[in-house]
Amino acid sequence: MSENSLLTVSNLKLEFKTSRGTLKALNGISFDVKRGEVFGLVGETGCGKTITGLSILKLLPRSATITNGEIRFDEINLLEQSNAEMQDIRGGKIAMIFQDPSSSLNPVFSIGSQMMRVIRQHTNLNAMQANARASEMLEAVGLPDVKRILNSYPHQLSGGQQQRVMIAMALSCRPQLLIADEPTTALDVTIQAQILNLLKNLQKQFDISVILITHNLGVVAQTCDRLAVLYAGRVAEIGTTQDIFNNPQHPYTRGLMNAIPKPQMRGKKMAAISGSVPSNPGVIKGCAFAERCEFVFDKCKVESPALFNINETHHASCFLVNERPQTEDRGPSSAVSGQISL
């Protein structure tokens, strides 16, 4: 764990017990989140983004088991913490907001009572001070008529207002790390932009680290300092936003970039990655992306690539980065070359 890292996830492996057998969902995830940065976890549905976020907080279903790895938060191995210790960490030191605020807020309690309960659980504030903190945070997220919001029930607020309440609640105990799981998916485009700007401003204002889980590369480009592209429970590529957008090195990352709608492509067929994410990637021998990759060669089907260094901040899990296939005259530069503007 480097001196500037707040969170370090090392070789995390997780599996589910199902009626059809064991499903290996995470297969050696490793990344770190630095203090005061916004770090993105990107990939298609089923790549392991959300379950990685839930693993950090140990909010896993009973069928899930972490079989290997470490999750170190500010020098503490979270996987060794008891349930009582994790209760103190959740909300107090690490907070999470989810993609559907309406299912995260309790419909039978007012916004004020829900916020005050969280604040009093994780701080030493009395009822009056907790109410003042709740009001302060609702103002910080740009909600008007704070008194009315505190006395309102979730169904009386719009989706955008509910998501702002969730952000206010998550930040009300001054956590060091915020995990935002697709925080704008359930909102219309205009509100999405407002929520993203709000998150970015609050991150700077309160000097917190943020893990932003999303499938939307446009969101990443606007918001993140660094990101990891996940595929089939593995890190396909990791680096700064500039590294990955301007010089994508993994064919999967390249495919995601090519699938971004562009004005000049109006009326033309959009690029797409053929196939789908494997249902049980942990049993695949070799590279998990091999079946969908146009640059696949024999080695890819029998050996899983490590994360190869491109530069000090940029790494990709692809043999094309490190060597030229013997069967074809195609090197890594031709496979993943090209500039993508932020």
Side-chain angles (χ1 to χ4, degrees), residues 9 12-31 38-57 59-61 63-64 66 96-104 159 163 166 179-189 192 195-196 199 210-224 227-238 241 244-245 248 250-261 270-284 287-293 317:
V9 177
L12 183 65
K13 296 182 180 181
L14 178 145
E15 61 186 34
F16 288 94
K17 297 295 183 185
T18 73
S19 58
R20 297 182 178 182
T22 300
L23 189 158
K24 297 182 178 182
L26 300 182
N27 299 286
I29 297 281
S30 296
F31 63 88
V38 181
F39 184 86
L41 288 179
V42 185
E44 296 170 277
T45 299
C47 283
K49 307 184 302 297
T50 294
I51 202 66
T52 299
L54 293 174
S55 296
I56 293 168
L57 285 172
L59 289 174
L60 297 169
S63 59
I66 292 174
M96 189 166 186
I97 55 176
F98 299 91
Q99 52 185 293
D100 184 5
S102 62
S103 63
S104 302
Q163 194 60 288
M166 288 302 301
I179 302 172
D181 184 9
E182 301 274 12
T184 61
T185 297
L187 307 174
D188 65 57
V189 176
Q192 282 183 19
I195 296 297
L196 286 174
L199 272 174
V210 176
I211 295 177
L212 180 62
I213 297 170
T214 182
H215 64 277
N216 189 326
L217 287 168
V219 167
V220 169
Q222 296 174 48
T223 314
C224 296
L227 66 135
V229 179
L230 301 189
Y231 184 77
R234 297 177 172 93
V235 175
E237 190 162 354
I238 187 168
T241 304
I244 291 178
F245 273 74
H250 196 287
Y252 178 62
T253 310
R254 181 72 172 169
L256 293 178
M257 299 293 183
N258 288 338
I260 298 174
M270 287 183 61
I273 305 173
S274 62
S276 58
V277 180
S279 58
N280 194 354
V283 300
I284 294 174
C287 175
F289 190 62
E291 290 299 318
R292 305 175 71 187
C293 182
S317 177

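Count residues from 1 along the sequence.
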Tell me whether K49 contacts the main-chain N or O of V229 through its side chain, where contact means a donor paired with an acceptor under 3.5 Å.
no

Side-chain heavy-atom pair V277, T45 within 4.5 angstrom cut-off:
no

S55 to I51 - nearest heavy-atom pair and separation
OG-O, 2.7 Å

Shortest non-hydrogen separation from P281 to P278 and the atoms involved
CD-O, 3.6 Å

List the atom of L199, the atom of P183, and the distance in Å for their closest heavy-atom pair.
CD1-CG, 4.0 Å

For a 4.5 angstrom cut-off between non-hydrogen side-chain atoms, does S317 reach F289?
no

Minimum-distance pair of heavy atoms, taken over all atoms of N27 and R234
O-CG, 3.9 Å

About how many Å separate CD of Q192 and CD of Q163, when rounded to the nearest 0.5 Å?
10.5 Å

Verify salt bridge (Lys or Arg N to Asp or Glu O under 4.0 Å) between E15 and K17, making sure each step is shown before the conclusion.
CA-CA 7 Å; E15 61 186 34; K17 297 295 183 185; 3.6 Å; yes

What is the minimum heavy-atom distance between A288 and Y231, and which atoms define it?
O-CE2, 3.5 Å

Between C224 and L212, what is the shortest heavy-atom contact and its length?
SG-CD2, 4.0 Å

Quick check on Q99: does its CD atom have over 12 non-hydrogen neighbours (other residues, nucleotides or ligands) under 6.0 Å away?
yes

Separation between CD1 of I211 and CG of L41, rounded to the nearest 0.5 Å:
6.0 Å

Mind checking whether L14 and L60 have side chains closer than 4.5 Å, heavy atoms only?
yes

Look up atom CG in N216 and atom CD in E182, then write down how far apart they are to the nearest 0.5 Å.
8.0 Å

Taking the side chain as every heavy atom from C-beta outward, state whether M166 and S104 have any pair of such atoms under 4.5 Å apart.
yes

Here the gap from I244 atom CD1 to H250 atom NE2, rounded to the nearest 0.5 Å, amounts to 11.0 Å

If I take atom OG1 from residue T50 and atom CG from residue L59, how far apart are they, to the nearest 0.5 angstrom?
12.0 Å

Can you tell me how far apart CG (L230) and OH (Y252) are? Round to the nearest 0.5 Å.
8.5 Å

Side chains of F39 and I238, heavy atoms from C-beta outward: is any pair under 4.5 Å?
yes

